[in-house]
There are 2 protein chains.
Amino acid sequence: MIANSTDRHPLRHNAGDDLRLIALQQFSSVGFAGASLQQIADAAGYSKSSVLYHFASKEALLEEALTPAIARLREMVDQLAADPDRVRARARFIDDFIDFLLQFRLEVHTFINQGQSLRHVPVVDRAQGLIVRLADVLCDETASIEDRLRFGIALGGAAYTLVAGLTFFNDEIAPAADVRPALRAVVTELLAPVSVAGSSAPGTEN
Amino acid sequence: MIANSTDRHPLRHNAGDDLRLIALQQFSSVGFAGASLQQIADAAGYSKSSVLYHFASKEALLEEALTPAIARLREMVDQLAADPDRVRARARFIDDFIDFLLQFRLEVHTFINQGQSLRHVPVVDRAQGLIVRLADVLCDETASIEDRLRFGIALGGAAYTLVAGLTFFNDEIAPAADVRPALRAVVTELLAPVSVAGSSAPGTEN
DNA sequence: ACAAAGTCTGACCGATCGGTCAATTAGACT
DNA sequence: AGTCTAATTGACCGATCGGTCAGACTTTGT
């Protein structure tokens with residue numbers, strides 16, 4: 001049998017996965033340009049050469065670190081656009097979106113706050129396109145600036161609070177469990193009223 | 001008379017001001033670590049040595065570029081905390097805050113999205129402290145996570161949309177004139193209901 | 001046992017980093 | 001004229017950057 005690199009050893013983590021996570025933390029905190037391969041290698045317990053053995057280049061490392069997140073985002077956008085029941089589609093999307101933000105906080109923070117300077121990276125460019133498309137779908141054909149602003153604030157605000165904000169609002173905060181309901185309430189408030197029509201009181205039951 | 005460096009020539013800009021602005025654009029787009037003195041110097045039409053003549057170091061350049069913004073922020077927080085009429089103080093603060101976000105978008109974006117990695121820079125650390133204090137004042141003693149989240153999303157979301165979001169939501173968008181009312185509406189919605197007295201069920205009236 | 005493939009690393013490369021320094025230029029004042 | 005000072009620059013420094021490469025170690029297949 002072929003020893004696939006994804007399940008060689010049940011105890012030890014896959015080197016590529018370790019590096020992707022460590023690199024992601026560095027990229028989202030000091031920026032892609034500011035995170036050096038040496039720092040990433042040191043933090044992961046490898047040598048710089050090992051990093052470049054697993055990933056062709058620093059950009060390739062970034063691409064592979066972000067890919068799962070934008071793949072999931074594409075799923076959600078496709079599903080949102082495909083469902084003919086707009087109200088149900090939007091409600092379902094918001095729920096998925098909350099989970100998405102919590103699960104991929106570092107990835108979102110990275111390509112949200114460095115998207116302009118990383119537009120030459122294919123996966124980042126695709127992510128930007130997805131976000132534009134998502135904004136179009138969510139805001140419908142109404143060209144209202146406020147609707148766009150609501151979406152942008154929800155996206156950028158969540159990216160900020162979930163990686164930077166939580167650490168200084170309180171010295172320590174419970175993980176996703178405490179944050180999820182609050183996040184859902186605020187994001188729903190920002191995204192729901194745009195064109196849901198008969199949305200009487202969204203997300204106030206929890 | 002003494003030829004003060006701030007008004008030597010009415011036509012030509014002050015070199016320090018030019019550099020502060022150019023540097024701020026670089027810092028907010030590629031990050032502090034990713035923006036090199038050479039790039040800043042080239043963009044400003046100076047040599048790298050000239051940049052280091054006007055500013056003792058790269059960090060000093062960052063400090064001076066951010067200082068006006070956090071000075072204004074301190075004013076606003078002090079005024080908010082001093083006014084015994086909480087409702088009036090909060091309303092006035094929100095108005096000032098909108099203008100602040102529009103005027104200092106690059107500065108806010110910089111110390112919001114790179115605050116963790118730049119905590120060793122005094123002015124950034126002071127800004128972080130101001131934001132924590134602002135969150136405390138706005139959210140009152142209620143330790144509600146959702147209130148904190150609202151403030152963080154408004155702050156981080158505005159920082160994002162005002163520098164990155166506007167460029168890809170539409171190919172070109174009118175300057176602050178079109179954005180201000182929409183921004184005011186969204187930020188007010190996020191910040192106003194927190195503790196404005198009889199806030200029983202915030203944001204359910206639409 | 002042996003070879004093949006996979007993994008890891010140190011040494012090294014040219015380029016660029018932030019920063020120092022001496023030299024030069026241009027203006028302002030006596 | 002001469003002098004002083006602010007402003008600007010190129011040359012240069014040690015350190016670090018992303019990336020290459022050959023070798024060494026480990027694992028796997030036969």
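Every chain is numbered from 1, with letters handed out A, B, ... down the list of sequences. It should be emphasised that the depicted structure is a prediction, and the values quoted were computed from it without experimental measurement.
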Taking NZ, NE, NH1 and NH2 as the nitrogens, is one of them in [X] or [Y] under 4.0 Å from a carboxylate oxygen of the other?
X: A:D17; Y: A:R20; result: yes
X: B:D99; Y: B:R180; result: yes
X: B:D83; Y: B:R90; result: no

Any side-chain N or O of [X] under 4.0 Å from OP1/OP2 of [N]?
X: B:H54; N: D:dA6; result: no
X: A:Y53; N: C:dC8; result: no
X: B:S47; N: D:dT8; result: no

Without decimals, in angstroms, what is the distance between [X] [atom1] and [N] [atom2]?
X: A:Y46; N: C:dG6; atom1: OH; atom2: C1'; answer: 13 Å
X: A:N14; N: C:dT7; atom1: CG; atom2: C1'; answer: 12 Å
X: A:I40; N: C:dT9; atom1: CD1; atom2: P; answer: 15 Å

[Y] side chain reached by [X] side chain, heavy atoms, under 4.5 Å:
X: B:R105; Y: B:V108; value: no
X: B:E107; Y: B:T110; value: no
X: B:D96; Y: B:Q79; value: yes

**Asked** Which word best sums up how the rings of A:F27 and A:F32 line up, parallel for under 30°, tilted for 30 to 60°, or perpendicular for over 60°?
**Response** tilted
**Message:** In terms of relative ring orientation, are A:F104 and A:F100 parallel, tilted or perpendicular, with 30° and 60° separating the classes?
**Reply:** tilted
**Protein proximity profile, nucleotides 14-20 of chain D - base contact B, sugar-phosphate-only contact S, no contact -, cut-off 4.0 Å on heavy atoms** = ---SBBB
**Message:** Angle between the two end axes of the helix from C:dA1-D:dT30 to C:dT30-D:dA1, five base pairs per end, rounded to 10 degrees?
**Reply:** 0°
